[in-house]
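Scroll down for the structure; my scribbles are underneath it.
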Amino acid sequence: MSRMPTADAGDPPFLRACRGQPCDRVPVWFMRQAGRSLPEYRARRGSGSILDAIACPELAAELTLQPVHRYGVDAAILFSDIVVPLAAIGFGVEVVPGRGPVVAEPFRRPEDLERLRPLEPDLDVAYVAETVRLVAAETNVPVIGFAGAPFTLASYLVEGGPSRDHVRTKSLMRTDPVTWMALLDALADLSVASLRAQVAAGASAVQLFDSWVGTLSPDDYRQLVLPASRRIFTELGDLGVPRLHFGVGTGELLSLMAGAGAEVVGVDWRVPLDAARHRVGPGHAVQGNLDPVTCLAPWKVVAAETRRVLAQAGGRPGHVFNLGHGVLPQTDPDTLARVVDLVHEEGTAK
Ligand code: CP3
């Protein structure tokens, strides 16, 4: 039996928009919609490691659904993290509150490739598939599965933690491109295995987060990163689910990213959506791009900026409304609820 979904008019707006089809309303969801901005998240999450919370399917499913219920967003993004597959194969990654992923023994030399064994989703991350199944059974909105893109994962492994300038990462790239490409290939394999398992469990779209790739020049991106990201999208092609590709500070990379093969290209707040559409070309939908910091302003300002994003999307099909990056923890949830209502009331995609 083919599991290729057919794109019919009854499909949810999020999936239709990803495919560039007209829909009754502009769909909206928020990157990092589950998280510390929600009082119900803070109440349920407790103080343990986020990786432990992710490994508990009932809790992870509940945290995934909290923003769906509160905001009425058009998609649920799985409550998980980009470093989950790396932690699951034993690379030694922790997620430190207020800081992000930290690696006790960073990737520094070719021998470190041996520490990257393949992911066996049924054995290593069975809890992720179980969470997807629980969420899909509980909601009508599409579930978005996700993974980290090779560059962004490599940056954590090589730097040992979050980094501003990515000095060690870029140095490895330039001084030992053979090891670099092998590292990216191993990371691409992890993400493919993880994403295929999420789709098999019921995710109806996948997003690849290349959050920090905007630190690269177009030439470096084209030669040293794009091939690995492109292979991920190619190896997911048979699944028939929309593929989304996002990074921050990617203004000069958008047309190259569009060539990696995703249907939807995520755009941060720096590039107006009309310019972004031009850069990604007619075959692609765009996602974005309200500045998350705008959501801290008085409602009048937020409403005006939300309308500006809608206007720049041009009222045409192929726009998924989102922020330009993740929800900031200090955001008032009521503001996001009002953004959803405004996008649903005023957005057009005919
Ligand atoms: O609602 C959602 O978007 C789903 C959950 C989600 C998390 N991480 C949960 C999380 C998603 C999609 C991610 C992806 C992720 N993780 C990315 C790509 C997206 C982006 O923001 O660019 C990156 C770079 C990471 C790595 C990571 N994990 C960072 C930088 C942090 C923040 C550290 C901090 O405390 O400020 C984390 C931790 C994390 N992942 C939190 C959440 C809700 C916050 C901490 C917590 O609740 O313990």
Side-chain angles (χ1 to χ4, degrees), residues 28-56 59-71 73-87 93-103 128 131-132 135 141 143-157 159-164 166 169 187 191 194-195 198 203 205-215 244-250 266-269 287-289 292 322-331 333 336:
V28 46
W29 68 281
F30 303 114
M31 292 183 279
R32 293 286 181 91
Q33 61 192 13
R36 285 169 298 187
S37 61
L38 289 177
E40 59 269 36
Y41 175 86
R42 297 194 297 269
R44 275 302 269 119
R45 184 55 186 88
S47 57
S49 163
I50 190 170
L51 296 178
D52 292 337
I54 290 166
C56 176
L59 177 58
E62 188 184 330
L63 297 175
T64 302
L65 288 166
Q66 283 179 345
V68 177
H69 296 145
R70 183 189 271 254
Y71 299 135
V73 281
D74 295 279
I77 182 156
L78 177 69
F79 184 78
S80 184
D81 197 86
I82 58 168
V83 296
V84 163
L86 285 167
V93 187
E94 253 310 326
V95 181
V96 177
R99 187 147 182 248
V102 172
V103 178
V128 171
T131 303
V132 175
V135 173
V141 300
V143 181
I144 304 173
F146 73 92
F151 177 82
T152 290
L153 292 176
S155 80
Y156 285 113
L157 294 192
E159 304 291 338
S163 162
R164 196 162 50 103
H166 300 102
T169 312
L187 294 172
S191 293
S194 170
L195 290 170
Q198 293 174 51
V206 291
Q207 176 154 325
L208 193 69
F209 282 97
D210 211 349
S211 303
W212 313 134
V213 77
T215 191
L244 301 87
H245 193 184
F246 168 79
V248 181
T250 56
V267 183
D268 82 3
W269 60 92
Q287 173 172 277
N289 70 347
N322 206 313
L323 305 183
H325 197 186
V327 173
L328 295 166
Q330 60 271 48
T331 308
L336 295 181

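Note that the structure is a prediction, hence the values are computed from the model and not measured. Whatever order the structure lists them in is the order used to number ligands and atoms, beginning at 1.
The distance from atom CG of L38 to atom CG of L63, rounded to the nearest 0.5 Å, is 9.5 Å. Taking CD1 of I54 as the start and OG1 of T131 as the end, the distance is 9.0 Å to the nearest 0.5 Å. Separating the CE atom in M31 from the CD1 atom in I77 is a distance of 8.5 Å, to the nearest 0.5 Å.
Taking the ring centroids of Y41 and F79, they lie under the 6.0 Å cut-off.
Without hydrogens or angle criteria, D268 side chain to G249 main chain gives a donor-acceptor distance under 3.5 Å. Judged purely by atom type and a 3.5 angstrom limit, Q33 has no side-chain atom pairing as donor or acceptor with the backbone of V327.
Scanning the protein for heavy atoms near atom 9 (C) of ligand 1, the closest one is S80 O, 3.2 Å. Atom 1 (O) of ligand 1 has its closest protein heavy atom at A34 N, 2.9 Å. Among protein heavy atoms, atom 12 (C) of ligand 1 sits closest to F146 CZ, 3.5 Å. The single protein non-hydrogen atom nearest to atom 48 (O) of ligand 1 is R45 NH2, 2.5 Å, given as residue, atom name and distance. In terms of protein heavy-atom proximity, atom 23 (C) of ligand 1 is closest to I82 CD1, 3.5 Å. With hydrogens left out, the protein atom closest to atom 36 (O) of ligand 1 is R36 NH2, 2.8 Å, a heavy atom. The shortest contact between atom 41 (C) of ligand 1 and any protein heavy atom is with I50 CD1, 3.5 Å. In terms of protein heavy-atom proximity, atom 18 (C) of ligand 1 is nearest to S211 OG, 3.3 Å.
The stretch residues 34-43 participates, sequence neighbours left out, in these salt bridge (Lys or Arg N to Asp or Glu O under 4.0 Å) pairs: E40-R70. Here salt bridge (Lys or Arg N to Asp or Glu O under 4.0 Å) pairs that include residues 43-56, with residues two or more places apart or in two chains, are R44-E62.
Residue I77 approaches ligand 1 through these ligand atoms, each under 4.0 Å from one of its heavy atoms: 1 (O), 2 (C), 3 (O), 4 (C), 12 (C). Each of the atoms 20 (C), 21 (O), 22 (O) of ligand 1 lies under 4.0 Å from some heavy atom of H325. Atoms of ligand 1 lying under 4.0 Å from at least one heavy atom of Y156, given by number and element, are 24 (C), 26 (C), 30 (C). Contact atoms of ligand 1 toward F209: 12 (C), 18 (C), 19 (C) (distance under 4.0 Å to a heavy atom of the residue).
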Q) Could you walk me through whether V93 and Y156 pass the side-chain contact (heavy atoms from CB on, under 4.5 Å) check? A) CA-CA 9 Å; V93 187; Y156 285 113; over 6 Å; no
Q: For side-chain contact (heavy atoms from CB on, under 4.5 Å), just list the numbers for L157 and L187, CA-CA rounded to whole Å, side-chain angles, deciding distance to a tenth of an Å, and then say yes or no.
A: CA-CA 10 Å; L157 294 192; L187 294 172; 4.0 Å; yes
Q. Checking side-chain contact (heavy atoms from CB on, under 4.5 Å) for the pair F209/L153: CA distance, chi angles, key distance, verdict?
A. CA-CA 9 Å; F209 282 97; L153 292 176; over 6 Å; no
**Q.** Pair V28-D74, side-chain contact (heavy atoms from CB on, under 4.5 Å): steps then yes or no
**A.** CA-CA 6 Å; V28 46; D74 295 279; 3.6 Å; yes
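Considering backbone and side-chain atoms together, G98 places an N or O closer than 3.5 Å to an N or O of ligand 1. For ligand 1, one of its N or O atoms has an N or O atom of Y41 under 3.5 Å away.
Nearest to atom 31 (C) of ligand 1 by heavy-atom distance, out of Q33, R32, M31, is R32. Closest heavy-atom approach to atom 37 (C) of ligand 1 among the candidates L63, V102, V83, D81: D81. Counting heavy atoms only, V95 comes closest to atom 38 (C) of ligand 1 of the residues V95, L153, D268, V248.
Ring orientation note: the planes of H325 and F246 are tilted relative to one another, at an angle of 30° to 60°.
Remark: distances from the non-hydrogen atoms of L78 to ligand 1 include one below 4.0 Å.
At a heavy-atom distance under 4.0 Å, only side-chain atoms of P101, from C-beta outward, approach ligand 1. Counting heavy atoms closer than 4.0 Å to ligand 1, residue F30 contributes nothing at all. Of all the heavy atoms of P97, the ones lying under 4.0 Å from any atom of ligand 1 belong exclusively to the backbone.
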